[in-house]
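First the proteins, then the strands, lettered A, B, ... as listed; each starts at 1.
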2 protein chains.
Amino acid sequence: MNLGATKTAIPLSTTELSEKIGGSQQSASRHLRLLEAEGLIQRNISNDGSKVMITNRGVDELDLVLQDLKWYLEGDEAQTIEFVGEVVSGLFEGAYYISKEGYFNQIVEKLGFEPFPGTLNVRIREEDYEKRKRLERRDYIRLEGFKDGERAFGAAHCYPCLLEDEVEGALIVAERSIHDYGIMEIISPYYLRRKMGLTDGDKIKISFLPLRLSDA
Amino acid sequence: MNLGATKTAIPLSTTELSEKIGGSQQSASRHLRLLEAEGLIQRNISNDGSKVMITNRGVDELDLVLQDLKWYLEGDEAQTIEFVGEVVSGLFEGAYYISKEGYFNQIVEKLGFEPFPGTLNVRIREEDYEKRKRLERRDYIRLEGFKDGERAFGAAHCYPCLLEDEVEGALIVAERSIHDYGIMEIISPYYLRRKMGLTDGDKIKISFLPLRLSDA
DNA sequence: ATTACTAACTTACGAGTAG
DNA sequence: TCTACTCGTAAGTTAGTAA
C-alpha cells in the first residue's frame, strides 16, 4: 500500500488509514500523532479531509531500516552504509589540521578535491555505533602522517561519502587514538554549513557508497 | 548486528541476545521461542551455549519485508515482486489446458520452454493479494485465445518467474474471469513437484523479476 | 552457566463518545 | 463527516526464581 506521499501531501483520514492497516480509527489517529510528534510526517488537519506527507527525516528513517534489512540478507560487501546524524559544533580543530600542507596536498591528490579548511561535525546515534565500526573496517584512503617542524601528525583514514545524496565529502578518522564513535568529522570541498544551509541541530544524511579498490 | 546465522548455526544465549537488542533475558527467551514456534528459526538448546540458525522460511519472511520497504521508498517499476506461498493440490485442470496445442505452441514460442502438462498451484497469503494485483498490472506475455472444435479457450496472461530463485516458470492467469487471488497457477518446463521435491503444504518462494519489454 | 515459568508492571488497543 | 479524548481490557515486558 504505497500511498505515494513522498513529495506531495495526500489526503488521508484516520478512518481511511485504519482500514488500510487493519486497525481502529483511534489507533490510526494515535499513530499519526506520534509520527508527527517525532517529526517523521507532516499533517494538515481539517474537518473535510486531512492531508499527510512524509518528511525527509521520515524517508531517511525508512532508508536506515531498509539498509539494515538489506545487510542482514545480503551481507555488507556491496552495501551503501547510511547514517542520519545531527550537526554539532566542534572545537574548530579541524580547520587547523586540514590547512596543514601535509594533509591538504594528500587530500587533493588522493581524494580529488581541495578541502575547505574545516570539518563538519555530525553526532550519530548510539545505536549506529556498530554500523560505524563496520564502516571503518572497510577499505579506506590513507593520509600518511608527517612532521611539521617540531610536532608530528599521525596518519588518517578517509571514507568518501555523499551528504544528502548529492554533496561530495569524506569522513576523516585519525589512524591511532581510540576515537569517539559518536562524532563524525566530515571534510568536503565546500563550506557545508553555508552550501547546505546547516545549523547546529539539523539532521543530515551521510551515505558511504561501497569503495572500489580501483579508485584508491 | 548481523549475527550471520544464515547458513551456519551460531552460538547465542538469551542473555547475549537481550544485551544486543537492549531488553531483558526473559523477553529474548520468549521471542526466540515464538520465532521457533513460527518456524522462522531453528535452535539447539543446551546448558552450555545454545545455537541458533535462521530457517529458509525465516529468510523468505525477511525478504518480503525488505521488498515492501523497497517498494515504499523506490517505487514499483524496477522491483522484484516476491511471494511465499504454500503448495496445494489443484483440480488437475491445468494439465488439460496446457496440453491443448493452442496454448502449448504459444508457450514454446513466447515463453521459450515446453511446458510440463500440469500446473503447480500455490496458495498465497491474503495480505499479499494487493501485491498480486500490482504484479498483474505489469506487462505480460499474452497467450491468444483459440477455438478447438466445439469450444473456445480464452486468452491468458503469463508472468515469468523464478521458483526458489532458481527454477524457471511462469504464473498463468486467464484474461477474462474474476480469478481467485489466493491461488497462483504456475507453469514450468519441469514437473515441479518432483524436481523440487514438493508436497502439499510446503512453502515455496516465487519471484517475479521486472519484465523487460524487449523480451516480449 | 543455561532456559523459561509466574506474577507484577507497563504499554498498546479500541469501543464509546465529545468537540 | 473529521480528530482525538477517556478508560477498561488485552498484550507485551521484566523481576524474581526454578529447574
Take the protein atom CG of B/Leu35 and the nucleotide atom P of C/dT3, then report the distance between them rounded to whole Å. 14 Å

B/Arg30 CZ to D/dT14 C1', in whole Å, measures 9 Å

Would you kindly give the CG-to-P distance between B/Leu32 and D/dT14, to the nearest whole Å? 14 Å

Would one find a side-chain N or O of A/His31 under 4.0 angstrom from OP1 or OP2 of C/dC13? yes

Check: B/Val65 main-chain N/O paired with B/Asp68 side-chain donor or acceptor under 3.5 Å: no

Base, sugar-phosphate, or nothing: which does B/Ser29 touch, judged by heavy atoms less than 4.0 Å apart? base

Should A/Asp165 and A/Lys205 count as an ion pair when the cut-off is N to O under 4.0 Å? yes

Rounded to the nearest 0.5 Å, how far does OG1 of A/Thr14 lie from CD of A/Glu19? 10.0 Å

B/Leu34 CG - D/dG12 C1' separation (whole Å): 10 Å

Whole angstrom value for the distance that separates C1' of C/dA12 from CD of A/Gln25: 16 Å

Phosphate-side-chain proximity, B/Arg43 and C/dA4, N/O vs OP1/OP2 below 4.0 Å: yes

Backbone of A/Leu209 reached by a side-chain donor or acceptor of A/Thr80 within 3.5 Å: no

Please determine if a side-chain N or O atom of A/Thr14 lies less than 4.0 Å away from the OP1 or OP2 oxygen of D/dA4. no

Measure from CZ on A/Arg33 to C1' on D/dC2 and round the result to the nearest Å. 13 Å

Side-chain heavy-atom pair A/Ser207, A/Ile81 within 4.5 angstrom cut-off: no

Do the side chain of B/Gln26 and the base of D/dG12 come within less than 3.5 angstrom through a donor-acceptor pair of N or O atoms? no

How many Å lie between CD1 on A/Ile21 and C1' on C/dG14, as a whole number? 12 Å

May I ask you to verify if any side-chain N or O of A/Ser13 is less than 4.0 angstrom from the OP1 or OP2 atom of D/dC2? yes

Quick one: is C/dG14 close enough that its OP1 or OP2 comes under 4.0 Å of any side-chain N or O from A/Ser27? yes

Rounded distance in Å - CG (B/Asn47) to C1' (D/dA18): 13 Å

